[in-house]
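One structure below.
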Amino acid sequence: MTALQKAEAIRLRKGNRPIAALTAYDYPTARLLDEGGVDVLLVGDSLGMVVLGFPDTTHVTLEHMLHHVAAVARAKPTALVVGDLPIHTYDTPEQALDTARRLVAAGAEAVKLEGGVRQAEKVRAITQAGIPVMGHLGMLPQRVLEEGGYRKKGKTPEQTEAIREGAQAIIDAGVFAIVMESIVPEAARFLTASLSVPTIGIGCGQHTCDGEVAVVTDLLGSYPWFVPPFARPEADVAGATRNAVARYLLQVRGS
Ligand code: KIV
């Protein structure tokens, strides 16, 4: 399947089978998640925190993204590989298209960018060049410094309407799906019912969107120093690692 066909298959999942997306940042994780049957592998700029040790995503550069997108693409996943456009790499439509093309050259099949109405022209520039775009609304991690923290969105009818308007603007510009981050469940449910493309939720409550995305380290329990309140860990890789190191020290040192 081509990248466009894969993105279209995700778009057509609205109202049918829920979409299961996970972040992936490296070759072995991408292979394992793909073998497990995940629909979308998002090389998210969350890698700034959970892989590179930065405090937030505003430190992530295009070079970081290209390196990790290429590693994930080497796994040749069946899942759609989506790469994030990092902050300040899509300040104009021309720059957005250039950045998207570089991510695609590294192995991304689609790209994701944050924001609504003010990003519509950038989305249009990329989709018109034949590159599928995923939107991202609600809490926008690239704006965490301006907003002074990670806050819930859609708490008032006005906020929800602003998100809906932003969503419609990027849908008109051609996005095939939209990540909804940290939107209160009632608003997420309303937006999902109102919009014509699939919504993929994180921190919006369970079963409020057309699918879910999770940061893989939250699922695996491999980044124990910060676990978002909405995370639902299914493993304790940090604990298993600590135990393995303790047993290794015992083997090597004998005590
Ligand atoms: O960067 C990322 O991992 C993301 C998810 C939180 C959706 O954008």
Side-chain angles (χ1 to χ4, degrees), residues 1-23 38-45 77-85 90 93 96-97 100 103-104 108-142 153-154 159-214:
M1 264 210 254
T2 65
L4 280 168
Q5 286 168 335
K6 282 191 187 183
E8 179 62 3
I10 295 294
R11 194 181 69 79
L12 293 173
R13 291 273 287 272
K14 187 163 184 92
N16 298 314
R17 199 159 162 246
I19 298 157
L22 281 170
T23 66
V38 163
D39 300 307
V40 176
L41 292 179
L42 170 64
V43 189
D45 59 0
T78 304
L80 179 73
V81 176
V82 181
D84 262 343
L85 270 63
Y90 56 105
L97 177 56
L103 286 168
V104 168
E109 296 173 299
V111 298
K112 175 166 81 59
L113 55 76
E114 295 183 7
V117 174
R118 68 195 180 109
Q119 307 298 24
E121 283 315 305
K122 297 156 193 173
V123 171
R124 189 165 284 112
I126 303 171
T127 56
Q128 283 185 347
I131 300 172
V133 179
M134 181 180 273
H136 186 148
L137 295 172
M139 168 58 209
L140 305 180
Q142 291 176 4
K153 302 291 173 174
Q159 269 187 19
T160 307
E161 179 53 20
I163 298 171
R164 200 200 57 74
E165 276 173 26
Q168 196 53 55
I170 59 174
I171 290 170
D172 293 343
V175 296
F176 68 93
I178 301 176
V179 166
M180 299 262 180
E181 179 160 352
S182 294
I183 295 177
V184 297
E186 312 76 65
R189 239 181 247 113
F190 166 78
L191 289 162
T192 297
S194 318
L195 300 173
S196 59
V197 302
T199 58
I200 303 180
I202 178 164
C204 297
Q206 267 185 284
H207 310 302
T208 59
C209 292
D210 297 302
E212 283 196 40
V213 57

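Bear in mind that the values here come from a model prediction, so they are computed numbers and not experimental data.
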**Message:** Could you check whether any side-chain N or O of E181 sits under 3.5 Å from a backbone N or O of G138, counting only pairs where one atom can act as donor and the other as acceptor?
**Reply:** no
**Asked** Judged by atom type as modelled, is there a donor-acceptor pair below 3.5 Å linking the side chain of K6 to the main-chain atoms of T78?
**Response**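 Pair found, side chain donor or acceptor close to backbone of T78.
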**Message:** Which residue is it: R11, K14, R13? I am looking for the one with a salt bridge (charged side-chain N to carboxylate O under 4.0 Å, His left out) to D210.
**Reply:**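 The single option meeting the salt bridge (charged side-chain N to carboxylate O under 4.0 Å, His left out) with D210 is K14.
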Please identify each residue that fulfils side-chain hydrogen bond (donor to acceptor under 3.5 Å, both in side chains) with [X], with sequence neighbours left out.
X	value
R17	none
E165	none
Q159	none
K153	E147

Locate the shortest heavy-atom distance separating [X] from [Y]; write the atom from each residue and the value.
X	Y	value
V184	G154	CG2-O, 3.0 Å
F176	P198	O-CD, 3.3 Å
C209	C204	SG-CB, 4.3 Å
L41	A79	CG-CB, 3.9 Å
A177	I10	CB-CG2, 4.5 Å
I170	G135	CD1-CA, 3.9 Å

Would you say that [X] contacts [Y] through its side chain, given a criterion of any heavy-atom pair below 4.5 Å between the two side chains?
X	Y	result
K112	V40	no
Q168	S194	no
T192	T208	no

[atom2] on [Y] to [atom1] on [X], rounded to 0.5 Å:
X	Y	atom1	atom2	result
D39	L22	CG	CG	9.5 Å
L191	I183	CG	CD1	5.5 Å
L80	M1	CG	CE	9.5 Å
E212	H207	CD	NE2	7.0 Å
M180	I200	CE	CD1	10.0 Å
I163	F190	CD1	CZ	10.5 Å

**Reference residue E114; test side-chain contact (heavy atoms from CB on, under 4.5 Å); the match among D84, L85, L137, L140** =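 That would be L140.
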**Request:** Just jot down the salt bridge (charged side-chain N to carboxylate O under 4.0 Å, His left out) partners of D45, sequence neighbours excluded, or say none.
**Result:** none
Review item, side-chain donor-acceptor pairs of residues 124-134, under 3.5 Å, at least two apart:
unit_1 : atom_1 : unit_2 : atom_2 : d
R124   : NH1    : E121   : OE2    : 2.7
T127   : OG1    : V123   : O      : 3.2
T127   : OG1    : R124   : O      : 3.3
T127   : OG1    : A173   : O      : 2.8

